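Note that the structure is a prediction, hence the values are computed from the model and not measured. Basis for what follows: all heavy atoms, side chains included, without hydrogens, waters or symmetry-related copies. Numbers here are sequence positions counted from 1.
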Amino acid sequence: MLRLLWFFYHIPGQLGNLAAAWRASALLGRDPIFAWSILMTANQADSRPLANWQYRRLPFRAHVRICQRATTTGVRTTIYSGAETIQQKCPEQSGGTIGVTPVHFTTPVKEWVGASGDELIVSNDEVAAGTPTVDGIVYVDPV
């Protein structure tokens, strides 16, 4: 019964897509979150922390927020949402501590509204011949 109410709540945010609204209602207020801490090698290209996450392909229209930070200045990040490039080869904030998940108070937030079916790709490249650790977290909130 509660899921049915949640389904009707999500119909406007899913732009009338009933299938996406039904998938969003399955969460019943529990929004998917994924945190990572990845050690990169020198000159490593295309490290994708969301590669094996079950919500990397959005099952519903969602507000996506990503906070990510590295331990060195040599990390460049590209973010894609479906066919759209959200961020292209930008330096990632440095000064992070290995294993500490960044928060929006101290780390810039990359946020946008992703469409149902969009694949979220965060691609990190190490360009300074260092071995940084990249820590991050993604929040996916159905709208």
Task: Value rounded to 0.5 Å, distance of CD1 in Ile86 from OG1 in Thr78 - done: 11.5 Å
Open item on the list: What's the separation between atom CD1 in Ile33 and atom CD1 in Ile137, rounded to the nearest 0.5 Å?
Closed with: 5.5 Å
Task: Joint hydrophobic cluster, Tyr55 plus Leu50, side-chain heavy atoms closer than 4.5 Å - done: yes
Task: CZ/Phe34: more than 12 non-hydrogen atoms of other groups inside 6.0 Å - done: yes
TODO: Decide side-chain contact (heavy atoms from CB on, under 4.5 Å) for Trp53 and Val138; before the verdict, give the C-alpha distance in whole Å, the side-chain angles of both, and the deciding distance to 0.1 Å.
DONE: CA-CA 11 Å; Trp53 186 40; Val138 59; 3.7 Å; yes
TODO: Using a cut-off of 6.0 Å, state whether more than 12 heavy atoms not belonging to Asn52 lie near its atom CG.
DONE: no
TODO: Run the numbers on Ser123 and Asp46 for side-chain contact (heavy atoms from CB on, under 4.5 Å), then give the verdict.
DONE: CA-CA 5 Å; Ser123 175; Asp46 199 24; 2.5 Å; yes
Task: Test salt bridge (charged side-chain N to carboxylate O under 4.0 Å, His left out) applied to Asp118 - qualifying residues, sequence neighbours left out - done: none
TODO: Output yes when a side-chain donor or acceptor of Glu126 lies under 3.5 Å from a complementary backbone atom of Ala129, and no otherwise.
DONE: yes
- [ ] Decide whether Ile121 and Phe60 are clustered together by the hydrophobic rule: side chain heavy atoms of Ile, Leu, Val, Met, Phe, Trp, Tyr closer than 4.5 Å, transitively.
- [x] no
Open item on the list: Just so I know, are the side chains of Ser47 and Ile38 near enough to count as touching, which here means a heavy-atom distance under 4.5 Å?
Closed with: yes
Open item on the list: Suppose the criterion is ring pair (Phe, Tyr, Trp, His ring centres under 6.0 Å): which pairs have a residue in residues 94-117, not counting sequence neighbours?
Closed with: none
- [ ] Taking atom types as modelled, find out whether Thr77 and Gln68 have a side-chain donor-acceptor pair closer than 3.5 angstrom.
- [x] yes
Task: Interatomic distance, Thr133 atom OG1 to Arg69 atom CZ [nearest 0.5 angstrom] - done: 12.0 Å
- [ ] Find the distance between OH (Tyr80) and CD (Gln88) and round it off to the nearest 0.5 Å.
- [x] 6.5 Å
TODO: Provide the closest heavy-atom pair for Gly74 versus Ala128 in the form atom of the first, atom of the second, distance.
DONE: CA-CB, 3.7 Å
Open item on the list: Enumerate the side chain to side chain donor-acceptor pair (under 3.5 Å) contacts for residues 58-67, please, sequence neighbours excluded, ordered by first and then second residue.
Closed with: His63-Glu111, Arg65-Asp141
- [ ] Would you give the length of the straight line joining atom CZ of Arg48 to atom CG of Asn124, rounded to the nearest 0.5 angstrom?
- [x] 10.5 Å
- [ ] Walk me through it: do Val122 and Ile66 pass the test side-chain contact (heavy atoms from CB on, under 4.5 Å)?
- [x] CA-CA 9 Å; Val122 175; Ile66 294 177; 3.6 Å; yes
TODO: Report yes if the side chains of Val134 and Met40 come closer than 4.5 Å at any heavy-atom pair, otherwise no.
DONE: yes
Open item on the list: On a heavy-atom basis, which atom in Val140 and which in Ala62 lie closest, and how many Å separate them?
Closed with: CG1-CB, 3.6 Å
Open item on the list: Strictly below 4.0 Å, N to O, side chains only: are Arg76 and Glu92 in salt-bridge contact?
Closed with: no
Task: Min side-chain heavy-atom separation Ser94-Thr71 under 4.5 Å - done: no
Task: Any donor-acceptor N or O pair under 3.5 Å, side chains Asp135, Ser37 - done: yes
Open item on the list: Between Val127 and Asn43, does the side-chain contact (heavy atoms from CB on, under 4.5 Å) criterion hold? Intermediate values first, please.
Closed with: CA-CA 5 Å; Val127 298; Asn43 299 317; 5.8 Å; no
TODO: State the CD1-NZ distance between Ile79 and Lys89, to the nearest 0.5 angstrom.
DONE: 12.5 Å
- [ ] Check whether any side-chain heavy atom of Pro142 lies under 4.5 Å from a side-chain heavy atom of Arg23, and answer yes or no.
- [x] no
TODO: Check whether any side-chain heavy atom of Pro32 lies under 4.5 Å from a side-chain heavy atom of Tyr139, and answer yes or no.
DONE: no
TODO: List the atom of Pro59, the atom of Ser116, and the distance in Å for their closest heavy-atom pair.
DONE: O-OG, 3.5 Å
